[in-house]
Amino acid sequence: MKRQAIKILSLALVLATSSSVAFAQKVWKGSWATAVEWTGKGDMPKESLSNRSCRQVVHVSFGGEELRVKLSNEQSKEPVKIKSVYIADTDVPSNWGINAKTVKYLKFNGKKNVTIAPGKAIFSDDLKYALKSGQRLTITIDYGKQTPVNATSHRGSRTTSYIVSNVKGKAVKPADAAFDKQEKADHWYNLSAIDVKTDKATPVVAILGNSITDGRGSTTNHQNRWTDFLSDALNAEKPYGVLNLGIGGNCVVQGGLSEPAMKRFDRDILGQTGVDKLIIFEGTNDIGCCNGNYEHVTDTLIACYKVLIAKAKAKGIKVYGGTITPTKGNGWYSFWHEAMRQTVNEWIRKSGAFDEVIDFDELTRDPKDPQRLKAEYSDDWLHLNPKGYEAMGKFAAEKLK
């Protein structure tokens, strides 16, 4: 009898230990991401990226002890050769400077160097790193001789990248002040995402948007897009991934700048790691660029929303609809464009297609003139300023908690 009791007790301990290990198991979740684009000549460095080092800065959402970085060459036609990549904490407020004690080199299949084929992307190996929630992280890429004529980039970084030439083929030392004295460009090159090992329950929200989400009207290097305010508000309570997949000038259906949402959705949204929530806040460019067939364009935009919603829900993603903000006072405004906006917003609010609605229109409009943004929220009557973005970010955070 005693022997049987000992067996039962031993089995219970084994089961308890197994349960504890399973509960403690961590998974990859997205902490930062950007939408990749084809880079025209005007957004490339004055010289090519070949044999140069490029230091870039990002604002992550949540932190952890282990991460991986995704580099993309998906929009380029030639390979990109990379000698090394290292990450480090920024030395705020210099932005370009780093804390040299935090430098860690990424590896790709165990090697520092990597060549990314055209049309492809690659994750680094897992890296132990003390990443803090909401911190600014630098990623410095030391390019080799061969780089694409048109890099894969994100044009609207709202963050300065620092590009220096290698001396006799040798990489610039991490703490070298030369990073502040050479070429500067407000674009990200080859960066795509940063994933962090975290608890399975950590939520991740991806935002599909245009220039308002991309941060037009925010302050360069101040990280005050509405998604930055959203991330800071959510992470003040618990780890929460916030992925900004906005592109300036982007459309949902066709036209605009870069690939429209209907084409990029699978890569930019469904291709992110661990997304369980989605905010669709895009459509003002489809409306503003419309020069006729207003009803048809409106119906097509709504039909495309339905396709994107269905794709996300099929993956178990909860979908939030962001109403389109006012444009009166901007050159795009007209009777017909306003009628389109009102029709689309009415559908977002009342169709039941979205799981929940984030009514940015109601939040940002002037009560005395509802077709216009509040004067204190905008400088051009289309995009918002940091005060407006702060209101949007905090407002959305309350919906997502």
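Just so it is clear, the values below take in all heavy atoms, side chains as well, and ignore hydrogens, waters and symmetry mates. In this chain, residues are counted from 1 in sequence order.
Considering all non-hydrogen atoms of both residues, P326 and P370 come closest at CG-O, 3.8 Å. Heavy atoms only, all atoms of each residue included: S218 and P386 are closest at CA-CG, 4.4 Å.
Side-chain contact annotation: T147 with S50, donor-acceptor N/O pair under 3.5 Å present. No hydrogens or angles considered: nothing links the side chains of D299 and H296 as a donor-acceptor pair under 3.5 Å. At a cut-off of 3.5 Å, with distance as the only test, a side-chain donor of N73 or S76 sits close to an acceptor on the other residue. In the model, S161 has no side-chain atom that pairs as donor or acceptor with a side-chain atom of H187 under 3.5 Å. Between T152 and S72, the side chains place no donor N or O within less than 3.5 Å of an acceptor N or O (distance only, hydrogens not considered). At a cut-off of 3.5 Å, with distance as the only test, no side-chain donor of S153 or E37 sits close to an acceptor on the other residue. Looking at E338 and Q342, their side chains do bring a donor and an acceptor atom within 3.5 Å of each other. Using modelled atom types and a 3.5 Å distance limit, the side chains of T323 and D361 yield no donor-acceptor pair. Side-chain polar atoms of T159 and N221 form no donor-acceptor pair below 3.5 angstrom.
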Practice prompt. Begin with the C-alpha distance, continue with both residues' side-chain angles, and end with the deciding distance and a verdict on side chain to side chain contact (heavy atoms under 4.5 Å, CB included) for V27 and K197.
Written response: CA-CA 5 Å; V27 298; K197 277 277 182 74; 5.8 Å; no
Discussion item. Set out, in order, the CA-CA distance, both residues' side-chain angles and the distance that settles side chain to side chain contact (heavy atoms under 4.5 Å, CB included) for V204 and V275, then state yes or no.
Written reply: CA-CA 5 Å; V204 177; V275 172; 4.0 Å; yes
Worksheet item: Between N190 and I141, is a side chain to side chain contact (heavy atoms under 4.5 Å, CB included) present by the stated rule, with each step listed?
Response: CA-CA 9 Å; N190 297 113; I141 301 176; 4.3 Å; yes
Discussion item. Checking Y377 against D366 for the side chain to side chain donor-acceptor pair (under 3.5 Å) test, could you report, in this order, the C-alpha distance in whole Å, the side-chain angles of both residues, the deciding distance, and whether it holds?
Written reply: CA-CA 10 Å; Y377 281 179; D366 185 342; over 6 Å; no
Practice prompt. Starting from the C-alpha separation in whole Å, work towards a yes-or-no answer on side chain to side chain donor-acceptor pair (under 3.5 Å) for T140 and R55.
Written response: CA-CA 4 Å; T140 306; R55 175 164 296 166; 3.0 Å; yes
Discussion item. Determine whether Y294 and H337 satisfy the following criterion, ring-ring contact (aromatic ring centres under 6.0 Å, His included), listing intermediate values before the conclusion.
Written reply: CA-CA 8 Å; Y294 301 107; H337 292 105; 5.8 Å; yes
Worksheet item: Stepwise, does the side chain to side chain donor-acceptor pair (under 3.5 Å) test hold for D228 with Y389?
Response: CA-CA 9 Å; D228 294 309; Y389 285 141; over 6 Å; no
Worksheet item: Can you list the steps and then say if T273 with D195 is a side chain to side chain donor-acceptor pair (under 3.5 Å)?
Response: CA-CA 7 Å; T273 307; D195 293 347; 2.7 Å; yes
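Looking only at side-chain heavy atoms (C-beta outward), Q135 and V60 come within less than 4.5 Å of each other. Inter-residue side-chain proximity for V57 and T160 is flagged as unmet; no heavy-atom pair is nearer than 4.5 Å. E74 is listed as a side-chain neighbour of R267, based on a closest heavy-atom distance under 4.5 Å. When side chains are defined from C-beta on, P79 counts as touching Q146, because their heavy atoms get closer than 4.5 Å. Counting only heavy atoms from C-beta outward, the side chains of T300 and D286 never approach each other to under 4.5 Å. At a threshold of 4.5 Å between non-hydrogen side-chain atoms, the residues K29 and V196 do not count as touching. For the pair Y333 and L382, the minimum side-chain heavy-atom distance is 4.5 Å or more. Here the side chains of Y105 and V85 are not in contact, with every heavy-atom distance at 4.5 Å or above.
Around atom CD of Q254, no more than 12 heavy atoms belonging to other residues, nucleotides or ligands sit under 6.0 Å away. By the neighbour-count criterion of 12 heavy atoms within 6.0 Å, atom NZ of K184 is densely surrounded, having more than that number from other residues, nucleotides or ligands. Within 6.0 Å of atom NZ in K394, 12 or fewer heavy atoms from other residues, nucleotides or ligands are found, so the atom counts as exposed in its surroundings. Atom NZ of K374 has more than 12 heavy atoms from other residues, nucleotides or ligands within 6.0 Å. Heavy atoms of other residues, nucleotides or ligands lying less than 6.0 angstrom from NZ of K313 number more than 12. At most 12 heavy atoms of other shown residues, nucleotides or ligands fall within 6.0 angstrom of atom CZ in R216. Counting non-hydrogen atoms of other residues, nucleotides and ligands closer than 6.0 Å to CH2 of W336 gives a total of 12 or fewer. The 12-atom threshold is exceeded at CD of E183, counting heavy atoms of other residues, nucleotides or ligands nearer than 6.0 Å.
Panel note: side chain T202, backbone T198; no donor-acceptor pair is recorded below 3.5 Å. Looking at N345, its side chain does come within 3.5 Å of a backbone N or O of I324 through a donor-acceptor pair. A donor-acceptor pair is defined here as one N or O able to donate and one able to accept, closer than 3.5 Å; such a pair exists between the side chain of S61 and the backbone of S31. For T102 (side chain) and N99 (main-chain N/O), a donor-acceptor pair under 3.5 Å exists by modelled atom type. Judged by distance alone, with hydrogens and angles left aside, the side-chain atoms of Q56 form no donor-acceptor pair with the main-chain N or O of T138 at under 3.5 Å. Within the 3.5 Å criterion, the main-chain N or O of K128 finds a donor-acceptor partner in the side chain of K104. Judged by distance alone, the side chain of N285 and the main-chain N or O of N210 form no donor-acceptor pair under 3.5 Å. Remark: side-chain polar atoms of Y240 are paired, donor with acceptor, to backbone N or O of L400 under 3.5 angstrom. A donor-acceptor pair under 3.5 Å is absent between the side-chain atoms of D379 and the main chain of N385, judged by distance alone. A donor-acceptor pair is defined here as one N or O able to donate and one able to accept, closer than 3.5 Å; no such pair exists between the side chain of N150 and the backbone of W38.
A salt bridge is defined here as a Lys NZ or Arg NE, NH1 or NH2 lying under 4.0 Å from an Asp or Glu carboxylate O, and D214 with R158 meets this definition. Look at E282 and R264 and you find a salt bridge, because one of the NZ, NE, NH1 or NH2 atoms lies within 4.0 Å of a carboxylate O, short of that distance. Salt-bridge formation is not detected for the pair K26/E66: no Lys NZ or Arg NE/NH1/NH2 atom is positioned less than 4.0 Å from an Asp or Glu carboxylate oxygen. Salt bridge E390/K387: absent, no basic N to carboxylate O contact under 4.0 Å. Using a 4.0 Å cut-off between a side-chain N of Lys or Arg and a carboxylate O of Asp or Glu, E237 and K401 qualify as a salt bridge. Taking 4.0 Å as the cut-off between side-chain N and carboxylate O, K112 and D142 do not count as a salt-bridged pair. Under the 4.0 Å criterion applied to side-chain N and carboxylate O atoms, D89 and K132 are assigned as salt-bridge partners. Using a cutoff of 4.0 Å between basic side-chain nitrogens and carboxylate oxygens, R349 and D359 are scored as salt-bridged. A salt bridge is absent between D125 and R68: the closest approach of a Lys/Arg side-chain nitrogen to an acidic carboxylate oxygen does not fall below 4.0 angstrom. Ion pairing between a basic and an acidic side chain is recognised when a charged N comes within 4.0 Å of a carboxylate O; K311 and D266 show such pairing.
With S157 as the partner, the side-chain contact (heavy atoms from CB on, under 4.5 Å) test is satisfied by one option alone out of D186, V58, T34: D186.
The aromatic ring centroids of F395 and W226 lie 6.0 Å or more from each other. Between F354 and Y320, a ring centre-to-centre spacing not shorter than 6.0 Å is recorded. Residues F179 and W96 place their aromatic rings such that the two centres sit no closer than 6.0 Å.
Between W347 and Y305, the ring planes lie parallel to each other; the angle is under 30°, not in the 30° to 60° tilted range.
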